[in-house]
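So the structure is just underneath, and the comments pick up after that.
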There are 2 protein chains.
Amino acid sequence: MVTDKNEWRQVLTARAIKPTYQRMAILESLSSDAGHPTVRALHARLVRTIPTLSKTTLYSTLELFARKGLVAPLLIDPAEARFDGILTPHHHFFCTSCGRILDLSLSCPNSRRGVVRGHRIDEVHGYFKGLCADCLSAPSSRTRHHPHKKRSPIHA
Amino acid sequence: MVTDKNEWRQVLTARAIKPTYQRMAILESLSSDAGHPTVRALHARLVRTIPTLSKTTLYSTLELFARKGLVAPLLIDPAEARFDGILTPHHHFFCTSCGRILDLSLSCPNSRRGVVRGHRIDEVHGYFKGLCADCLSAPSSRTRHHPHKKRSPIHA
DNA sequence: GTATATGCAAAGAATTTGCACTATG
DNA sequence: CATAGTGCAAATTCTTTGCATATAC
């Protein structure tokens with residue numbers, strides 16, 4: 001388990017990313033979060049440690065990490081972009097009540113890359129939506145994670 | 001095959017939706033489009049028939065249709081919302097070159113709803129990204145469908 | 001006729017860009 | 001030191017809201 005700053009430094013330098021203080025903190029925060037945070041949530045958490053951290057830096061860092069393969073953007077939450085720090089292929093579960101995104105590793109025969117009906121498959125995405133186990137047992141107590149979603153978008 | 005306006009009227013009234021001229025046109029346009037259009041594309045196509053059609057109406061109509069189960073919003077294209085007029089479960093393929101979304105009906109054992117590891121599954125989504133057959137054979141000639149994507153979002 | 005739908009203009013929110021300042025190696 | 005990163009503020013784009021007019025039954 002990677003825990004101290006030096007380890008994050010190595011992860012970054014190994015991918016030819018200049019290991020700044022912000023990047024190490026962002027990487028650490030991403031890796032320790034199992035809920036696949038939004039940019040806003042990530043920023044809210046990080047400003048407690050780095051009060052001057054800007055959203056600009058966060059966005060550019062996440063884009064950089066995505067290009068370097070350190071994180072994968074998730075298109076599940078209709079309202080905001082989310083990020084996945086894991087590299088092994090897996091499915092996701094989006095709880096429409098508490099807003100968390102959980103990992104689901106289940107076997108999927110379609111998870112192979114290659115060519116299907118003439119189309120070259122580069123990425124495979126699978127996700128589910130519904131109510132997570134916690135929300136099923138405690139219907140209203142877990143509605144917190146929803147930040148302040150004012151919109152009621154087309155995407156239910 | 002449903003082709004004339006009266007048929008669309010029936011589809012709408014059957015779902016207790018007031019069949020206005022705009023709604024019938026939007027429904028028809030959606031159903032005849034296999035590329036799962038964005039709001040912008042839909043609007044661009046429809047204003048040729050209904051010059052006064054506003055994006056506001058388009059958004060509210062799509063939200064209404066989604067609530068009534070006539071269309072399903074797609075979260076595949078990172079830049080814009082897309083819509084699927086089909087109701088049978090199927091996977092999608094997003095071509096990162098021409099931007100089209102194609103249907104892929106392939107068997108998937110995970111497409112069942114129900115309860116998985118304590119979570120209640122309400123929706124199942126599966127999609128692929130890559131280069132479609134057309135773009136593979138004609139690398140640059142099909143790049144049209146991309147409207148004017150100026151952003152280069154985090155989501156590759 | 002009355003309730004609902006439409007459309008314009010303006011607001012809201014997430015994300016991107018320009019540029020001066022700062023930290024890294 | 002020189003290059004590359006950071007952060008503030010302003011700009012962009014998609015989407016939603018408020019309200020007056022128009023349409024469906």
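So that the names make sense, note that chain A is the first sequence line, chain B the second, and so on, each numbered from 1.
- Legend: salt bridge (charged side-chain N to carboxylate O under 4.0 Å, His left out) pairs involving residues 43-54 of chain A, not counting sequence neighbours, sorted by first then second residue: A/D33-A/R45.
- Using a 4.0 Å cut-off on heavy atoms, none of the residues of residues 45-53 of chain B approach DNA chain D.
- For B/S54, the side chain to side chain contact (heavy atoms under 4.5 Å, CB included) partners two or more places apart in sequence, or in a different chain, are B/T56, B/T57.
- The phosphate of C/dA5 (OP1 or OP2) has no side-chain N or O of B/T57 nearer than 4.0 angstrom.
- Dashed line: the shortest gap from a side-chain N or O of B/Y59 to OP1 or OP2 of D/dT15 is under 4.0 Å.
- Not counting sequence neighbours, A/R117 has no partner by the side-chain hydrogen bond (donor to acceptor under 3.5 Å, both in side chains) test.
- Taking the side-chain hydrogen bond (donor to acceptor under 3.5 Å, both in side chains) definition, one finds that B/T20 meets it with nothing, sequence neighbours left out.
- The side chain to side chain contact (heavy atoms under 4.5 Å, CB included) check on A/H125 picks up A/E123, B/Y127, B/K129, with sequence neighbours excluded.
- Picking from C/dA14, D/dC8, C/dT15 the nucleotide with the shortest atom distance to the side chain of A/R40 gives C/dA14.
- Remark: B/R67 pairs with no residue by the salt bridge (charged side-chain N to carboxylate O under 4.0 Å, His left out) rule, at least two apart or across chains.
- Under the salt bridge (charged side-chain N to carboxylate O under 4.0 Å, His left out) criterion, A/R23 pairs with no residue, sequence neighbours left out.
- Side-chain heavy-atom separations under 4.5 angstrom define the hydrophobic clusters, and B/V115 shares its cluster with no other residue.
- Remark: C1' of D/dT16 and CD of B/E63 are 9 Å apart, rounded to the nearest angstrom.
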What pairs of nitrogen or oxygen atoms, one from the protein and one from nucleotides 9-11 of chain D, lie under 3.5 Å apart?
from: D/dA9; atom 1: N6; to: A/T56; atom 2: OG1; distance (Å): 3.4

Can you name the atoms? Protein N/O to nucleotides 19-25 of chain C N/O, anything below 3.5 Å, with the distance.
none

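- Other cluster members for A/L106: A/F93, A/L102, A/L104, A/F128, B/V116, B/I121, B/V124, joined by side-chain heavy-atom distances under 4.5 Å among Ile, Leu, Val, Met, Phe, Trp and Tyr.
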